[in-house]
Novice: 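This is the structure, below, for whatever I ask next.
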There are 2 protein chains.
Amino acid sequence: MVDDEKPMSLTRAERRRRSEASILGAARELLAERGFERTTIRGVAERAGVDPALVMQHFGTKDDLFAAAATWSVPIHGLLGAGREDLPHAAIEHVLDAFEDPELRGTAEAVLRSCLTHPAAGTIVREQVLGSAQAAVATTIGGPDAELRAALLNACTLGLSIARYLLAVPALADVDRADLERVLGPALQALVDPT
Amino acid sequence: MVDDEKPMSLTRAERRRRSEASILGAARELLAERGFERTTIRGVAERAGVDPALVMQHFGTKDDLFAAAATWSVPIHGLLGAGREDLPHAAIEHVLDAFEDPELRGTAEAVLRSCLTHPAAGTIVREQVLGSAQAAVATTIGGPDAELRAALLNACTLGLSIARYLLAVPALADVDRADLERVLGPALQALVDPT
DNA sequence: GCGTTCAGTCAACACGCGTAGAGTCAAACC
DNA sequence: GGTTTGACTCTACGCGTGTTGACTGAACGC
C-alpha cells in the first residue's frame with residue numbers, strides 16, 4: 001500500500017487525508033502480517049513512505065494507531081436474518097466474507113493476529129466479534145443451552161478462521177468455499193438443533 | 001514458581017538442575033500469560049529468583065529458551081485408539097486434558113499464546129499439534145474428504161481451546177466438561193460421519 | 001589442605017524502540 | 001505579495017531489551 005503518487009500542488013486537506021489513509025493502510029498490512037508487538041512505528045512509516053513522526057502526529061500513540069486500524073464493525077445482519085435452517089450457512093458465509101473481501105481482510109487479520117497477545121485486541125474479539133455474533137445466534141437457537149450452543153458455534157468458526165487464514169493449515173487453506181460449507185454445515189447444524 | 005528453597009551445600013549438579021527447572025518453569029508461566037514478545041529474559045530471571053545472565057548461560061538465546069519451554073509432545077494415543085463412534089469424545093478429552101492437567105497446561109498455553117505472532121510457535125501448532133492429530137483422525141474417518149474432515153475437526157477443537165482457555169469467553173470458560181461434550185459431541189460426529 | 005572447576009553474579013555494551021520539540025517549506029489567506 | 005497557517009521532516013532523548021565477558025566464591029578432586 002505504498003502510495004507513491006504524490007502529485008504536486010494538492011489541496012492541504014486532501015494531502016492530509018491521503019497520508020492518513022496511507023498510514024492506516026500500511027499499519028493494517030503490518031499488523032495483519034506480524035501482530036502488534038512486531039509492528040513498529042518506523043516500519044509503518046517506511047511502508048507508507050512517510051516520516052515516523054507523522055504517524056504520531058496523526059494517531060497520537062501506537063496503541064491509538066492500533067485502535068484506529070482495528071476498528072472492526074462486524075456486520076451481523078446476515079446472522080440476524082437467518083432462521084434455524086440457514087444459520088450454519090449464514091455463519092460460514094459471515095466469516096468467509098470477512099476474510100475474502102480485500103477491504104475487510106486487513107482489519108480482520110490485524111485484530112485476530114494480535115488477539116492472544118494484546119489485551120485490547122483480545123477484548124475486541126471477545127466482546128465485539130464473538131459477543132455480538134453470540135447474541136444474534138443465541139436468540140435464533142433458543143432453548144436452555146442457547147448461549148452455550150452459540151458460543152460453541154462461534155468457537156468453531158473462529159478456529160476455522162485462524163487455521164485457514166492465519167496459520168494457513170494446508171488442508172483448510174487450499175479448499176474452496178463450497179467444500180467448506182458442504183462439510184462443516186451439517187456439523188454446525190448439529191449445534192443449532194439439539195438431537 | 002519462585003523456588004525459594006535453596007538449602008546450602010547441595011551438590012553442584014543438583015543445584016544446576018534445580019535452577020534450570022526453575023528457569024524453565026518461570027519461562028513457561030510468563031510465555032503462557034503474555035506470549036513471546038512480551039516475555040523478557042529479565043522477567044523470567046526475576047520470577048525464577050536468578051540473574052538474567054544465568055538464563056542465557058542455560059539456554060543460549062531467547063529463541064532457544066522458547067524452544068525448550070514449548071517442547072510439546074502431544075499424546076495422540078487416545079485419538080489413534082478411537083473408533084468412529086468414540087472419536088468426538090476422544091478428541092474433546094484430548095484437548096481438555098491438555099489444558100486441565102496443571103503439568104501440561106503451561107506448555108500448551110505457551111505454545112498456543114504465541115502461535116499467531118511467533119513463526120516457530122506457528123510451525124509447531126501447524127505441523128506438530130494439528131498435523132499429527134489430523135493424520136490420526138483422518139485414517140479413522142476415511143473416505144474421500146478424510147483430510148478435510150479431520151482438519152475441520154481440529155479447527156473446531158482449536159477454536160474451543162482458544163476461546164475457552166486463552167480468550168476466556170465467559171459462556172465457554174464457565175461450563176464444565178460434561179456439558180461441553182454433550183453439546184459439541186454430536187457436531188463433531190457430523191464431521192466424522194458424512195450424511 | 002590446596003589448586004581447580006564451575007554455578008552464579010555484576011556491570012556494561014550496542015541496538016531499536018516510542019516519543020517529543022524545534023525547524024522547514026509550500027499552500028492559504030487578505 | 002507579504003504574512004500566517006499547517007503538513008511534514010529532522011534530530012535527538014530516554015528507556016528497556018538481548019546479550020557478553022570479566023569477576024566471585026563455594027563445591028570438587030587429589
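Sequence lines set the chain letters: A, B, ... in the order given, protein chains first and strands last, and positions in each chain run from 1.
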Novice: Please report, rounded to the nearest Å, how far the P atom of C/dA28 is from the CZ atom of A/R15.
Specialist: 11 Å
Novice: With respect to the phosphate group of D/dA7, does any side-chain polar atom (N or O) of A/R16 fall under 4.0 Å of OP1 or OP2?
Specialist: yes
Novice: Rounded off to whole Å, could you give me the CD1-to-P distance for the A/I41 and C/dG18 pair?
Specialist: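 For the pair A/I41 CD1 and C/dG18 P, the rounded distance is 5 Å.
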Novice: Give one of base, sugar-phosphate or nothing for A/R12, where a contact means two heavy atoms less than 4.0 Å apart.
Specialist: base
Novice: Identify which nucleotide among C/dT9, D/dT17, D/dC10 has an atom closest to any side-chain atom of A/A53, counting heavy atoms from C-beta outward.
Specialist: D/dC10
Novice: Phosphate oxygens OP1/OP2 of C/dA7: is one of them under 4.0 Å from a side-chain N or O of B/S19?
Specialist: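 Checking B/S19 against C/dA7: no side-chain N or O falls below 4.0 Å of OP1 or OP2.
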Novice: Can you tell me if B/R38 and A/H118 form a side-chain donor-acceptor pair at under 3.5 Å?
Specialist: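 No, no side-chain donor-acceptor contact under 3.5 Å.
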Novice: D/dT17 C1' sits how many Å from A/R38 CZ, rounded?
Specialist: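 Answer to the nearest Å: 14 Å.
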Novice: May I have the step-by-step check of salt bridge (Lys or Arg N to Asp or Glu O under 4.0 Å) for A/D97 and A/R177, ending in yes or no?
Specialist: CA-CA 10 Å; A/D97 281 350; A/R177 294 173 72 121; 3.0 Å; yes
Novice: Under 4.0 Å from OP1 or OP2 of C/dG16: is there any side-chain N or O of A/T40 that close?
Specialist: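 Checking A/T40 against C/dG16: no side-chain N or O falls below 4.0 Å of OP1 or OP2.
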Novice: Give me the one residue out of A/V50, A/L30, A/L24 that meets side chain to side chain contact (heavy atoms under 4.5 Å, CB included) with A/V44.
Specialist: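 The side chain to side chain contact (heavy atoms under 4.5 Å, CB included) with A/V44 is passed solely by A/L30 among A/V50, A/L30, A/L24.
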Novice: Send over the distance from B/R18 CZ to C/dG8 C1', rounded to a whole Å.
Specialist: 16 Å
Novice: Does A/R42 or A/H58 map to a spot on DNA chain D nearer the 5' end, using the closest nucleotide for each?
Specialist: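 Its nucleotide being nearer the 5' end, the pick is A/H58.
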Novice: Between D/dT17 atom C1' and B/L65 atom CG, what is the distance in whole Å?
Specialist: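 The distance from CG of B/L65 to C1' of D/dT17 comes to 15 Å, rounded to the nearest Å.
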Novice: Please tell me if A/T61 has a side-chain N or O lying less than 4.0 Å from either OP1 or OP2 of C/dG18.
Specialist: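 The answer is no; no side-chain N or O of A/T61 sits under 4.0 Å from OP1 or OP2.
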Novice: Side chain of A/K62: nearest nucleotide among C/dA7, D/dT9, C/dG18?
Specialist: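 My answer, after comparing the listed nucleotides, is C/dG18.
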Novice: Classify the angle between the aromatic ring planes of B/F99 and B/Y165 as parallel (below 30°), tilted (30 to 60°) or perpendicular (above 60°).
Specialist: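 Parallel.
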Novice: In whole Å, what is the span from the CG atom of B/L10 to the P atom of C/dA7?
Specialist: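 My rounded result for the distance is 13 Å.
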Novice: In whole angstrom, give the distance that lies between atom CE of B/M56 and atom P of C/dC10.
Specialist: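 Going from CE in B/M56 over to P in C/dC10 covers 18 Å.
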Novice: Could you say whether A/Q57 or A/G43 is positioned toward the 5' end of DNA chain C, judged by the nucleotide with the nearest heavy atom to each?
Specialist: A/G43
Novice: Answer yes when B/R18 and B/E14 have at least one side-chain N-carboxylate O distance shorter than 4.0 Å, and no when they do not.
Specialist: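 Result for this pair is yes, salt bridge flagged.
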Novice: Mind calculating the distance between CG (A/L54) and P (C/dT24) to the nearest angstrom?
Specialist: 18 Å
